[in-house]
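Have a look at the structure below before the remarks.
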Amino acid sequence: MIKFTAASLDDLDFLTELEQEAFPSDRQSSRRSLRQSINSPHQEVILAWNENLVGAAVMQHFKHSTRLVSIAIKGSQANKGYGKLLLEHCEAVARSKGQIQMILEADQTKPDLIAWYTHAGYIPKVKLADYYSANIPALRMSKNLCEDTAHSNRLKNIVVTESPLPFLDQVQSIECISPEQYLSEERFQRNASYRVFNLCNTYTYKSKGYYISLLATARDHRVIPNAAMIQDFTSTFFIQCLYEEIDDLLNKTLAGVTDSVVDYTLFLGHETDGTATRLSRSLYKLFEAPLVHFKFIKTNKWLIESVSLGQISSLCNEDENTLKRIAVSYFSQKKFNRPKVKNYEYDLAILVNPDEQTPPSNSRALQRFKQSAEKNGFFVEFIDKKDMHRINEFDALFIRETTAVNNHTYEISRFAHAEGLIVIDDPWSILKCSNKFYLQERMKRAGISMPEAMVVTNTEASIKAVLKHMDFPLILKEPDSAFSLGVFKVKDPVEFENKCHALLENSEFIIVQEYIYSDYDWRIGILDNQPLFACKYFMAKDHWQIYNWNAQDAQTEGAFSTLPLHEVPKDILNAALLATSHIGDGLYGVDLKYVNGKCYLIEVNDNPNIDYGIEDLVSGMQIYDTITATIKSRIMKARNINKYITL
């Protein structure tokens, strides 16, 4: 009889000996690494016993998947089926956490090992060349943990309710049970051939309704609503993302409505009068739950203001005959909605600020990032600053909010990097690019051509030195300015001194730079030290900058022209690449002027604008695919642990 327990620090001697026996010396986890795995809240070390310890497995849990880091059985206990039992136990642990899939990497040069995993239900996904060392590839394999064991037309329909619902009495194709029955009866514990309709009174966190959906997911039952959907209803960004799929239909349906607010309720995909309209069916596919309340508001068009799960008990005020008709129609379906559950390899958080007036990416660009990332195997979630405590749920963080060292963007980036996530923008890029004082000094030391500049301190001597050595007009820059804010043009000594004194009240230093006229600035996007896009940003109307924040009309921003990279002068591309080589390998936007045959670096920006219809105008989806593919590649490289799996 074999049993399984979680490892403790007392088991380090056994685990170290097992590593030395099972793996070559260059692929063994150190005692320190094993200690970290035991102590980590995101990893689990499982021991297998008969009378003595016979093997162990290490698992790493992510938001939707569990990675089997290693599994090994002592040589003296091999060929007794212990490896299979240990693997099945690891899968059961992952299921109990609501995971969608198990992933692993196996040595492709060992056909018996690959065959063993294939027999256990693992499917080869990606070949990883030189994974362990030169010419020793790995095969990434995965197994879906939540597939039903029976065909959908054989699933038994179970309705879980906390109290009798009379309108279900005439429905022949369902069995109504209590939460306690679903929890305790053995048939539900051992058989995956159930479709569970969770009609509990509430789904709030830690309620019976919440736990029923969570339990059903762990049992591989098809459940409505599922635990992920319950959580998604609390996410404003999730709702906003789904809204785009029904935007046109919603506005066509409500085109003739004169009210500015519409309350709309769906019960089992039907409106409460019993009709199933195109809008109700479309909404149900997106928000699959028994009872859902929507609030639509009209501004220049109809929008979803809120979505919430309803309490089944609130239906007592509705006409019972109508409810029966809805229930009979719904449960008599031969085929129910079956959302396509994607086997996401990784979880990507995109940090945004819904209240930001000039975000680095507009809403359509964000959706393109999401689409591209999902195509690359990511589960994508838009987060904001209040989600910082959840960073450990993700594999990577992509920041699409204007960054600064002295706000939460840097703090979240730093925290995410410390927790082992792949981060764009990384904290060092934010630190370096956010401060023009640093950039001025760094580029000067690197010998990169920039407009003549001086650093001014809060002394009269420093201010007078500028008047002595530089000609007007001049540009004054706050060290941490962004989006043309904190950048000023002065035309004479009086204006210069007044503005200097004003700026130096908030900063110990300011940058004074010669003014170089041009109709436009070049912006070269760089990622991984490779050009990504090229734009010309023209100055705003009747202004010397790209942005004119004091404009009285809507034209605060100049025109643009997006060019193919092969049309960009080589001097421009080379200068941009040289500048970013002194910053890092992140995502940058390099601003340059090209005047009289000479190239001048203006600044290097982390977190550059990538807007739909501007920076992507030439390359289309390619720009998004390149960025998400880079994030994925970095995750894979970071996980290139020198270990293989043996039995």
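No experiment lies behind these values; they were computed from the predicted model shown.
- Taken from CG in Leu348 to CZ in Phe382, the straight-line distance is 8.5 Å, to the nearest 0.5 Å.
- By the 4.5 Å heavy-atom criterion applied to side chains, Pro137 and Tyr131 are not counted as neighbours.
- Between atom OG of residue Ser413 and atom CG of residue Asp606 there is a gap of 9.0 Å, rounded to the nearest 0.5 Å.
- Side-chain contact between Glu497 and Glu460: present, with at least one pair of heavy atoms (C-beta onward) separated by less than 4.5 Å.
- A donor-acceptor pair under 3.5 Å links the side-chain atoms of Asp492 to the main chain of Glu495, judged by distance alone.
- One N or O on the side chain of Ser361 and one on the backbone of Ile610 form a donor-acceptor pair closer than 3.5 Å.
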Salt bridge (Lys or Arg N to Asp or Glu O under 4.0 Å) evaluation trace for Glu401 with Lys385
CA-CA 10 Å; Glu401 176 181 356; Lys385 64 181 180 180; over 6 Å; no
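- Summarising the geometry of Lys298 relative to Val257, their closest heavy-atom pair is NZ-O, 4.0 Å, with the distance given to 0.1 Å.
- Using modelled atom types, one side-chain atom of Trp302 and one backbone atom of Leu254 make a donor-acceptor pair closer than 3.5 Å.
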How far apart are the C-alpha atoms of Val261 and Lys295, what are their side-chain angles, what is the distance that settles it, and do they pass the side-chain contact (heavy atoms from CB on, under 4.5 Å) test?
CA-CA 7 Å; Val261 178; Lys295 186 175 183 180; 3.6 Å; yes
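- For the residue pair Thr403 and Ile399, the shortest heavy atom distance occurs at CG2-CG2, 3.7 Å.
- Remark: the backbone N or O of Ser33 is paired with a side-chain donor or acceptor of Ser30 at under 3.5 angstrom.
- Counted by atom type alone, Asn607 and Arg400 present one or more donor-acceptor pairs between their side chains at under 3.5 Å.
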For Gln440 and Lys477, what are the C-alpha separation, side-chain angles and deciding distance, and is it a side-chain contact (heavy atoms from CB on, under 4.5 Å)?
CA-CA 11 Å; Gln440 185 76 30; Lys477 296 183 177 182; over 6 Å; no
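- Across all non-hydrogen atoms, the minimal contact from Ser561 to Phe538 is CB-CE1, 4.0 Å.
- Looking only at side-chain heavy atoms (C-beta outward), Met450 and Lys593 stay at 4.5 Å or farther from each other.
- Using a distance-only test at 3.5 Å, with no hydrogens or angles considered, a donor-acceptor pair links the side chain of Asp611 to the main chain of Asn362.
- A heavy-atom distance below 4.5 Å is found between the side chains of Cys535 and Thr562.
- For Asp425 against Leu587, the heavy-atom pair with the smallest separation is OD1-O, 3.6 Å.
- Annotation: the span from Leu128 atom CG to Glu105 atom CD amounts to 6.5 Å, rounded to 0.5 Å.
- One N or O on the side chain of Glu514 and one on the backbone of Glu452 form a donor-acceptor pair closer than 3.5 Å.
- Rounded to the nearest 0.5 angstrom, Ile635 CD1 and Leu421 CG are separated by 8.0 Å.
- The two residues Ser462 and Val456 come nearest to each other via the heavy atoms OG-CA, 3.3 Å.
- Looking at Asp384, its side chain does come within 3.5 Å of a backbone N or O of Lys386 through a donor-acceptor pair.
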Does the side-chain contact (heavy atoms from CB on, under 4.5 Å) test come out yes or no for Phe62 and Glu345, once each step is laid out?
CA-CA 9 Å; Phe62 303 101; Glu345 293 181 77; over 6 Å; no
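- In this structure, OH on Tyr346 lies 10.5 Å from CG on Asn376, to the nearest 0.5 angstrom.
- Looking at heavy atoms from C-beta onward, Arg634 lies in side-chain contact with Asp528 at the 4.5 angstrom threshold.
- Here the shortest heavy-atom pairing between Pro427 and Tyr410 reads O-CE1, 3.3 Å.
- Taking CZ of Phe560 as the start and CD1 of Ile614 as the end, the distance is 5.0 Å to the nearest 0.5 Å.
- With contacts defined as side-chain heavy-atom distances shorter than 4.5 Å, the pair Ile583/Cys433 qualifies.
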Go through it in stages, so that I can follow the logic: the residues are Phe369 and Tyr624, the test is ring-ring contact (aromatic ring centres under 6.0 Å, His included), and I'd like the CA-CA distance, side-chain angles, deciding distance and then a yes or no.
CA-CA 6 Å; Phe369 276 120; Tyr624 304 96; 4.8 Å; yes
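- Judged purely by distance below 3.5 Å, without hydrogens or angles, the side chains of Tyr517 and Asp519 pair a donor atom with an acceptor atom.
- Taking 4.5 Å as the limit, some side-chain heavy atom of Trp428 sits within range of a side-chain heavy atom of Arg414.
- For the pair Leu467/Phe472, a side-chain contact is recorded, criterion being any heavy-atom separation below 4.5 Å from C-beta on.
- Counting non-hydrogen atoms of other residues, nucleotides and ligands closer than 6.0 Å to CD of Glu419 gives a total above 12.
- A donor-acceptor pair is defined here as one N or O able to donate and one able to accept, closer than 3.5 Å; such a pair exists between the side chain of Thr580 and the backbone of Leu577.
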Please determine whether side-chain contact (heavy atoms from CB on, under 4.5 Å) holds for the pair Tyr594 and Ser518, giving the CA-CA distance in whole Å, both sets of side-chain angles, and the decisive distance to 0.1 Å.
CA-CA 8 Å; Tyr594 196 65; Ser518 64; over 6 Å; no
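- For the residue pair Gln43/Ser37, the side-chain donor-acceptor check at 3.5 Å is satisfied.
- Not a single donor-acceptor pair under 3.5 Å links the side chain of Asn251 to the backbone N or O of Asp248.
- Without hydrogens or angle criteria, Ser40 side chain to Gln36 main chain gives no donor-acceptor distance under 3.5 Å.
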